[in-house]
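Small disclaimer: the values here were computed from a predicted structure and weren't measured.
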Amino acid sequence: MTDHMIDSLLSELEQYYDTVPRVGGARAEDFGPLTLFVQEGDGWQYYARPALGGPGATTADVERVLARQRELKVPEAFEWVAETSPSLRAAVEAAGLHVHAHPLMVLDPSAVPVPAHPEVRLLGADDPLLTAAVTVPALAFAAPGTAIGEAGPAELAEAMAVPDAEARRARVSGMLASGRTGMAAAVRDGVTLCSGQYNPVGDVAEVVGVGTLPSARRQGLALGVTAALVAQARERGARTVFLSAGDEDVARVYGRIGFRRVATALIAEPPA
């Protein structure tokens, strides 16, 4: 992929990043070189990011946004692409935030589709497994990485019983019904072991939230789920499909089905 092609692709992704919170019900607050997206009502809590075509943000700009996030009691979070906004990292670190780096990967248009995994299926808005499918990623991300872990079906059942599980299910169900997301899950003996989503905007789709129960890792389930999401996104008109990998090890896994690294996605949050 040439430098010109990568620049064009990153510009396309910038437009996606600026649009998807608005489609998701967030309002945009203007802070000059930064835009703060604030969810109206229930739903995913968004972040601040560079304004489209704006100048580089200073530490003072970052601190103004942080003050507003604290006032609104929303997450103090910033997300951006390192190669598109190279000066922002220094500004957010000077404001006291910790930066996490994630490989930003785009599906090679010439990638050969992988065979469907026998335990993976697409989910609809009324699927009885939807509550489990929206719960699995939280358990997966609580134990990051690719190593086999302890959390399994028993922990999943416990997590599904918490009061906000139904609210999460209803939110994703509405998104599925409206076409704002697609979802797939790997299911064995009635137990959801892995799940993920993709969110389309125009002809661009981002694969998000692919997670496997730690006890079920290293069985190819995440690749199977991702492949199913990619296939449906393409069938529905997506020309560009991308994702942010958790780390380099995860990036190598996604490389097996045709994703190629094009940049680095950065997330800034308060230190733990």
Side-chain angles (χ1 to χ4, degrees), residues 1 5-6 8-21 23-24 44 46-47 49 77-84 99-114 116-117 120 122-123 133-134 136-138 140-141 144-146 172 175-176 180-186 194-212 217 220-267:
M1 189 176 292
M5 293 171 64
I6 292 176
S8 177
L9 182 58
L10 293 182
S11 178
E12 185 177 36
L13 297 189
E14 283 297 295
Q15 186 66 56
Y16 175 94
Y17 284 131
D18 186 75
T19 302
V20 73
V23 175
W44 179 259
Y46 289 103
Y47 40 75
R49 68 176 329 278
F78 292 72
E79 297 190 10
W80 73 102
V81 176
E83 290 76 1
T84 306
V99 177
H100 308 269
H102 303 275
L104 181 60
M105 309 182 77
V106 173
L107 184 70
D108 186 335
S110 65
V112 177
V114 301
H117 192 291
V120 173
L122 296 167
L123 304 184
V134 300
V136 163
F141 301 146
T146 61
V172 174
M175 294 176 66
L176 286 165
R180 289 196 295 115
T181 197
M183 192 163 207
C194 177
S195 65
Q197 296 173 240
Y198 74 90
N199 298 327
V201 174
D203 60 1
V204 179
E206 181 181 17
V207 175
V208 298
V210 177
T212 304
R217 286 175 176 159
L221 301 179
L223 280 187
V225 166
T226 302
L229 296 170
V230 167
Q232 187 182 64
R234 282 176 147 181
E235 288 170 4
R236 293 183 175 181
R239 180 178 52 82
T240 300
V241 182
F242 76 102
L243 55 80
S244 296
D247 55 33
E248 299 294 343
D249 289 337
V250 175
R252 282 189 284 273
V253 173
Y254 285 124
R256 298 177 194 165
I257 58 172
F259 281 90
R260 303 290 178 255
R261 183 170 185 166
V262 296
T264 304
L266 299 179
I267 299 173

Which is it for Asn199 and Tyr16 under the side chain to side chain contact (heavy atoms under 4.5 Å, CB included) test, yes or no, and what are the steps along the way? CA-CA 10 Å; Asn199 298 327; Tyr16 175 94; 3.5 Å; yes

All side-chain hydrogen bond (donor to acceptor under 3.5 Å, both in side chains) counterparts of Asp108, not counting sequence neighbours: Ser110

With sequence neighbours left out, the residues meeting side-chain hydrogen bond (donor to acceptor under 3.5 Å, both in side chains) with Arg260 are none

Arg236 versus Pro200: any side-chain heavy-atom pair under 4.5 Å? no

Contacts of Ser11 meeting side-chain hydrogen bond (donor to acceptor under 3.5 Å, both in side chains) (sequence neighbours excluded), chain-then-number -> none

Quick one: pull up OH in Tyr46 and CD in Glu79 and give me the separation to the nearest 0.5 Å. 10.5 Å

Check whether any side-chain heavy atom of Glu14 lies under 4.5 Å from a side-chain heavy atom of Arg49, and answer yes or no. yes

Show the nearest heavy-atom pair for residues Pro137 and Gly209, with the distance to one decimal. CG-O, 3.3 Å

Could you pull out all donor-acceptor pairs under 3.5 Å where a side-chain atom in residues 251-258 meets a protein atom, sequence neighbours excluded?
| unit_1 | atom_1 | unit_2 | atom_2 | d |
| --- | --- | --- | --- | --- |
| Arg252 | NH2 | Asp249 | OD1 | 2.2 |

Which pair of non-hydrogen atoms, one from Thr181 and one from Val172, has the smallest distance, and what is that distance? CG2-O, 4.3 Å

To the nearest 0.5 Å, atom CE of Met183 lies from atom CD of Gln197 at 4.5 Å

State the CG-OH distance between Leu243 and Tyr198, to the nearest 0.5 angstrom. 14.5 Å

State the NE2-OG1 distance between His117 and Thr226, to the nearest 0.5 angstrom. 11.5 Å

Rounded to the nearest 0.5 Å, what separation is found between the CZ atom of Phe242 and the OH atom of Tyr17? 4.0 Å

Enter the distance from Asp247:CG to His102:NE2 here, rounded to the nearest 0.5 Å. 9.0 Å

Can you name the residues that form a side-chain hydrogen bond (donor to acceptor under 3.5 Å, both in side chains) with Glu12, not counting sequence neighbours? Arg239, Thr240

In short, Phe259 meets Val230 closest at the heavy-atom pair CZ-CG2, 3.8 Å

What's the verdict on side chain to side chain contact (heavy atoms under 4.5 Å, CB included) for Leu223 and Val114, showing C-alpha distance, side-chain angles and the deciding distance? CA-CA 9 Å; Leu223 280 187; Val114 301; over 6 Å; no

Do the non-hydrogen side-chain atoms of Arg234 and Pro113 ever get within less than 4.5 Å of each other? yes

Given Ser195, which partner from the list Thr212, Val136, Val134, Leu123 fulfils the side chain to side chain contact (heavy atoms under 4.5 Å, CB included) test? Val136

Which residues pass the side chain to side chain contact (heavy atoms under 4.5 Å, CB included) test with Ala263, sequence neighbours left out? Leu10, Val81, Glu83, Leu104

For the residue pair Leu221 and Val120, establish whether any side-chain heavy-atom pair is separated by less than 4.5 Å. no

Smallest heavy-atom separation, Val225 atom then Ala184 atom, equals CG1-O, 3.8 Å

Can you check whether Ala140's main-chain N or O pairs, donor with acceptor, with Arg217's side chain at less than 3.5 Å? yes

